[in-house]
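Accompanying notes for the structure given below.
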Amino acid sequence: MGVADVIVVLMLIISSLSKSASGCYESIISFGDSLADTGNLLLLSPSDKLPRSARLPYGETFFHHPTGRYSDGPDSLGLPLVQPYLGGDGRSFSKGVNFAVAGATALDYEYLEKRGIHNPLTNVSLGTQLDWFKQILAKHSDLQLSILYYQELIKLGAETMVVPGNFPIGCLPVYLTQYMTSNGKDYNSKTGCLNWLNKISEYYNELLRKELSRIRELHPNVTIIYADSYNVALRFYLYPNEFGFSKGILRACCGTGGIYNYNASAECGIVPSTSCDDPSSLASWDGMHFTEAAYRVIAQGLLEGPYTTPQFRTVCPSISRHPGFSSI
Ligand SMILES: *[C@@H]1O[C@H](CO)[C@@H](O)[C@H](O)[C@H]1NC(C)=O
Ligand SMILES: *[C@@H]1O[C@H](CO)[C@@H](O)[C@H](O)[C@H]1NC(C)=O
Ligand SMILES: *[C@@H]1O[C@H](CO)[C@@H](O)[C@H](O)[C@H]1NC(C)=O
């Protein structure tokens, strides 16, 4: 389970964008896991096996009802999230589409099963999401985009790809609880995060940046943006009060108690978990995912700089809010 957990967090979120004549991005294609899922896992699940994100308090802050997103609100990774592929009627994908499924892995389900790693959440992988994308492309000529598939390369016709690095996973309540130790040296003295887990993220990000440089050289016409999720999030672990996270930066808002308010046998959304009064005063929503407030800090850092290389351009006003929710 431990191994599978880490893989879930290490899952890539790749977003592909296309530019309009005015230079802003006018459509977004997103791949990933629960950090970017806007409802696909929920739509994939049978009604007697709904995921936790189908229940309050998920969605409480913005939508006031659960939507399948793994947070209290809608902001995720700074990219406006478009409608889930599985819930789409196929007509409105011109502004983009979201293929992300909570729990999805970068490697194929069968590949992991053969190595004894079982993913209980979903059998959807990045490969499955790419297959869905190709099915749409075959049907919709308005989606003239190209994407690059990390390590392997698939060229389907477009312009900009955003690849975020990993977060400082040693600061997440789920892992702080799972790998709790009495050895004080394992913890960073400023943040209280687990050093060895953050080193894994840093190492992964270093390899990812090298790979992206290689792909940039091979494909000079495709803009490949690296989003430094690690350092953009590390800011609020170092200086929580500056970002309004005053109630304990390493504690989850929704959980069942314990030092980090995380208990794997009673996670958020499962009885007897409870949710905090003010999610915006905490960075972690459910121990694994961020609160809307934390996603907003991350979004600002990525969209307004300086945490993307090269700098991110603007997203067109027509897709800068979630379709159907702009009037709220
Ligand atoms: C995943 O599971 C579904 C439902 O059991 C099945 O229809 C589908 O073929 C599976 N996909 C893969 C890639 O294993
Ligand atoms: C890259 O763009 C240039 C200028 O638009 C074009 O001439 C060239 O064919 C493109 N190269 C590739 C590999 O698409
Ligand atoms: C975690 O939750 C379970 C189920 O509510 C409970 O039995 C257990 O004592 C809790 N563990 C800790 C360490 O609080």
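For ligands, and for the atoms within them, numbers begin at 1 and follow the listed sequence.
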Could you list the residues that satisfy salt bridge (charged side-chain N to carboxylate O under 4.0 Å, His left out) with D131, not counting sequence neighbours?
K134

Which of the atoms in ligand 1, numbered in the order shown and given with their element, are less than 4.0 Å from a heavy-atom of N123?
1 (C), 2 (O), 3 (C), 8 (C), 10 (C), 11 (N), 12 (C), 14 (O)

Test question: given the 4.5 Å side-chain rule for I, L, V, M, F, W and Y, name all other residues clustered with L50, or answer none.
L42

Quick note, ring pair (Phe, Tyr, Trp, His ring centres under 6.0 Å) partners involving residues 249-292, not counting sequence neighbours, are Y58-W285, Y70-H289, F167-F290, F236-F290, F290-Y295

Contact residues of ligand 3 with a heavy-atom cut-off of under 4.0 Å?
N263, S265

Atom CD of E110 with >12 non-hydrogen neighbours under 6.0 angstrom:
no

Cation over ring face, R115 and Y111, 6.0 Å, 45°
yes

Should the SG-SG distance of C253 and C276 be recorded as below 2.5 Å?
yes

Is a salt bridge present between R209 and E206, judged by a nitrogen-to-oxygen distance below 4.0 Å?
no

Under 3.5 Å between any N/O of E110 and any N/O of ligand 1: does that happen in this structure?
no

